[in-house]
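Before any comments, here is the structure.
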Amino acid sequence: MKSNEKSLEEIKKEIEFLRREIERHNYLYYVKNQPEISDEEYDALMDRLRELEEKYPQFYDPNSPTQRVGAPPAKEFATVRHTVPLLSLDKVTSYEEFMEFQNRIWRFLGKKVEIDYTATPKLDGLSIAVRYEHGRFVRGATRGDGFEGEDVTANVRTIKSIPMYLMSEEAAKLPVLEIRGEFIFHKDDFERLNEELAKKGEKTFANARNAAAGSLRQLDSSITAQRPLKAYFYEIVYVEGREFETHWEKLKFMEAAGLPLVPYARYCKNDEEVREYYENILRERENLPFEIDGVVIKVNRIEYQRILGQVSHHPRWAVAWKFPSQEAISTLRDVIWSVGRTGAVTPVAILEPVFIAGATISRATLHNEDEIERLGVMIGDKVVVRRAGDVIPEVVKPLVELRTGKEKPIVPPTHCPVCGAKLSKPPGEVIRRCPNRFCPAQIAESIKHFVSRKAFDIEGIGDKQVETLLREGLIEDAADLFTLEPERLEKLERWGPVLAAKIVRNIQNAKRISLPKFIFALGIPGVGEHLANVLAKHFKSLDALRNATFDELIQIPEIGPNTAQSIVDFFADEHNRRFLEKLFSVGVEVEEIREEEEAEKPLSGKTFVFTGALSSMTRDEASELVESLGGRVSSSVSRKTDYVVVGENPGSKYDKAKKLGVTTITEEEFLKLVGRA
DNA sequence: TAGCCTCGAGTTCA
DNA sequence: CTCGAGGCTA
């Protein structure tokens with residue numbers, strides 16, 4: 001090596017220095033808005049880094065600032081399972097409702113103490129989870145359904161306000177730090193983007209949220225790189241190597257790590273300060289640089305958060321206090337009655353089209369007859385319309401004072417609007433149903449259900465296609481799909497030979513299906529996605545489910561008498577039996593469940609109840625133990641209980657167990673059962 | 001038996 | 001997102 005040349009070691013040092021330095025300037029520019037150097041100086045650093053990286057490719061790093069221009073287009077986003085589910089938030093819309101939220105907290109804590117909170121604006125964008133390992137950015141994922149999202153690592157890398165290396169020493173040494181934030185467009189950036197898109201003759205975005213979603217979910221991340229997306233973080237969802245006592249501490253920690261923190265965050269020492277905060281933000285809403293739809297309030301003390309826990313979809317320690325949604329006035333033109341898969345007849349409002357929150361609304365659900373009665377709405381009324389959660393259109397109320405006298409009452413139909421059968425309304429139920437199972441509407445809806453994503457998932461067959469196929473007489477039921485021939489499809493309007501062949505292929509590929517999806521696809525009344533899974537897990541084969549008796553079914557947790565009867569009826573029905581046989585005869589194959597880990601766990605399917613004090617462990621520890629072995633713990637004895645574990649000084653649960661004839665075991669026997677003795 | 005929670009089934013628009 | 005209803009717990 002020539003003496004005037006730098007050693008590799010020195011090159012590596014310089015590259016690393018440049019990367020850190022550029023990252024630091026990114027932080028000063030994008031997060032702090034206080035650049036220390038001019039654009040020219042910044043460009044010079046980048047040029048030098050690029051030069052060195054080109055010459056010494058052995059020092060490649062995907063997190064280098066030079067890589068923030070985007071990666072080659074991907075074919076599709078990979079799915080990633082979140083380490084910790086990203087929950088949504090419960091919501092309130094008034095101070096009274098917020099106080100109910102606080103009352104619930106007091107109830108759960110078992111004491112009425114002053115609760116302190118953190119409050120932040122609720123950004124209206126796209127939620128993301130970002131993961132750092134040893135201070136280094138490793139992954140970005142969208143929220144998705146909360147459990148699984150899309151891997152958008154390449155896209156996230158192009159957002160320059162997101163550090164590739166955490167700045168504080170404390171954060172850099174954590175093995176894992178997973179944080180949650182929101183991608184948004186600032187209002188001015190959004191307008192500028194739309195102007196540019198319009199100039200180029202491209203489609204513009206209806207609102208800033210769509211722009212954020214559309215920009216992030218680009219398979220070609222170099223497009224994301226050119227969009228002025230902003231990211232703001234507000235939660236640490238998972239961390240290894242550090243404990244936090246308060247949420248406020250988490251926010252400060254993220255800020256110190258160089259992460260862009262959600263602006264206008266505030267500590268509130270009690271509910272009164274929360275109310276002030278809400279009112280301030282609401283007043284300032286128009287002046288904020290971005291769209292928000294409320295404020296997020298979190299219980300500050302992590303200890304309380306832990307005690308409060310969560311329900312399936314949201315934590316009990318946080319709430320979104322939403323602003324009133326945007327409303328508009330329209331005219332109720334008419335009410336039509338639509339017939340669903342189960343024959344349920346529901347009223348839909350036909351409205352004079354009106355633009356609200358980024359979309360033109362012309363229809364809105366009225367839910368059911370009781371709702372119409374409650375609203376007291378009539379055809380011809382001027383009505384207030386809003387988008388619930390800024391999504392689903394909803395009639396809020398009629399403007400009675402604007403009535404002309406020409407309004408007509410809304411009369412629920414006595415006969416099915418599709419097939420003319422007389423509707424039935426069981427006593428005590430709110431919904432009217434069409435009893436005709438051969439009603440064209442029910443047939444169409446059940447086929448749509450059958451092909452939908454969570455059932456047979458046949459790509460290329462959607463609502464429109466099902467209707468066309470039915471209208472053209474190519475199918476009469478879902479089983480007919482599997483014998484469709486491309487030659488017949490081609491003749492349909494707008495279905496070329498290529499498309500027809502592709503759809504037939506998709507249909508054939510869907511023939512093999514997992515048991516839970518198959519059960520869901522059948523559309524048994526009362527059995528949705530969740531119960532389909534429960535049933536599949538329990539019976540493991542379609543035959544076992546088909547032959548299940550009412551008594552067997554009600555033994556299963558979550559299956560009560562109503563659902564059990566519905567399932568028995570479904571499989572007893574001659575027409576349904578023939579339909580199943582037809583499915584098999586056209587080649588549908590249901591995969592049975594293999595003996596899974598879950599099933600092999602020693603306590604799976606067993607329910608435990610504890611009564612009295614245990615000597616070797618606490619109730620909580622015992623519960624955890626049972627659950628880790630696949631069992632369930634319940635707090636009261638029922639005939640579904642398998643074991644009642646009787647400790648010191650048992651209570652009434654012991655008597656109840658005796659009465660119901662449920663097995664009781666001592667602590668020693670319990671320990672033997674779980675393999676601890 | 002009431003109250004909490006989850007689920008199913010209906011809904012809109014781009 | 002909304003409602004009603006079913007299931008479970010207290």
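First the proteins, then the strands, lettered A, B, ... as listed; each starts at 1.
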Suppose we screen for side-chain hydrogen bond (donor to acceptor under 3.5 Å, both in side chains). Which residues come up paired with [X], at least two apart in sequence or across chains?
{"X": "A:E291", "answer": "none"}
{"X": "A:D334", "answer": "none"}
{"X": "A:E150", "answer": "A:R217"}

Each nucleotide in nucleotides 8-14 of chain B should get exactly one letter: B, S or -. Can you fill that in based on protein heavy atoms under 4.0 Å? SSSBBSS
Not counting sequence neighbours, list each pair that qualifies as a ring pair (Phe, Tyr, Trp, His ring centres under 6.0 Å) and has a residue in residues 319-352 of chain A. A:F98-A:W321, A:Y278-A:W321, A:Y278-A:F323
Can you measure [X] atom [atom1] to [N] atom [atom2] for me and round it to whole angstrom units?
{"X": "A:I554", "N": "C:dG7", "atom1": "CD1", "atom2": "P", "value": "10 Å"}
{"X": "A:I567", "N": "C:dG7", "atom1": "CD1", "atom2": "C1'", "value": "13 Å"}
{"X": "A:F108", "N": "B:dG3", "atom1": "CZ", "atom2": "P", "value": "15 Å"}
{"X": "A:N533", "N": "B:dC7", "atom1": "CG", "atom2": "C1'", "value": "13 Å"}
{"X": "A:D370", "N": "C:dC3", "atom1": "CG", "atom2": "P", "value": "12 Å"}
{"X": "A:L87", "N": "B:dC5", "atom1": "CG", "atom2": "C1'", "value": "15 Å"}

By the 4.0 Å heavy-atom rule, please label A:K91 as base, sugar-phosphate, or nothing. sugar-phosphate
Classify A:R316 by what it touches in the nucleic acid, base, sugar-phosphate, or nothing, heavy-atom distance under 4.0 Å.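 The residue A:R316 makes sugar-phosphate contact but no base contact.
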Counterpart residues, ring-ring contact (aromatic ring centres under 6.0 Å, His included), relative to A:F520 (two or more places apart):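 Scan of A:F520 (ring-ring contact (aromatic ring centres under 6.0 Å, His included), adjacent residues dropped) gives A:H449.
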Quick check for you: among C:dA5, B:dC7, C:dT2, whose closest atom lies nearest to any side-chain atom of A:E558?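 Between C:dA5, B:dC7, C:dT2, the one nearest the side chain of A:E558 would be B:dC7.
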With A:E148 as reference, evaluate A:H82, A:R143, A:R81 under the side chain to side chain donor-acceptor pair (under 3.5 Å) test and give the passing residue.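 Only one of A:H82, A:R143, A:R81 forms a side chain to side chain donor-acceptor pair (under 3.5 Å) with A:E148, namely A:R81.
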Look at A:R374 and C:dC3 and indicate whether a side-chain polar atom (N or O) is within less than 4.0 Å of OP1 or OP2.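 Answer is no, no contact under 4.0 Å.
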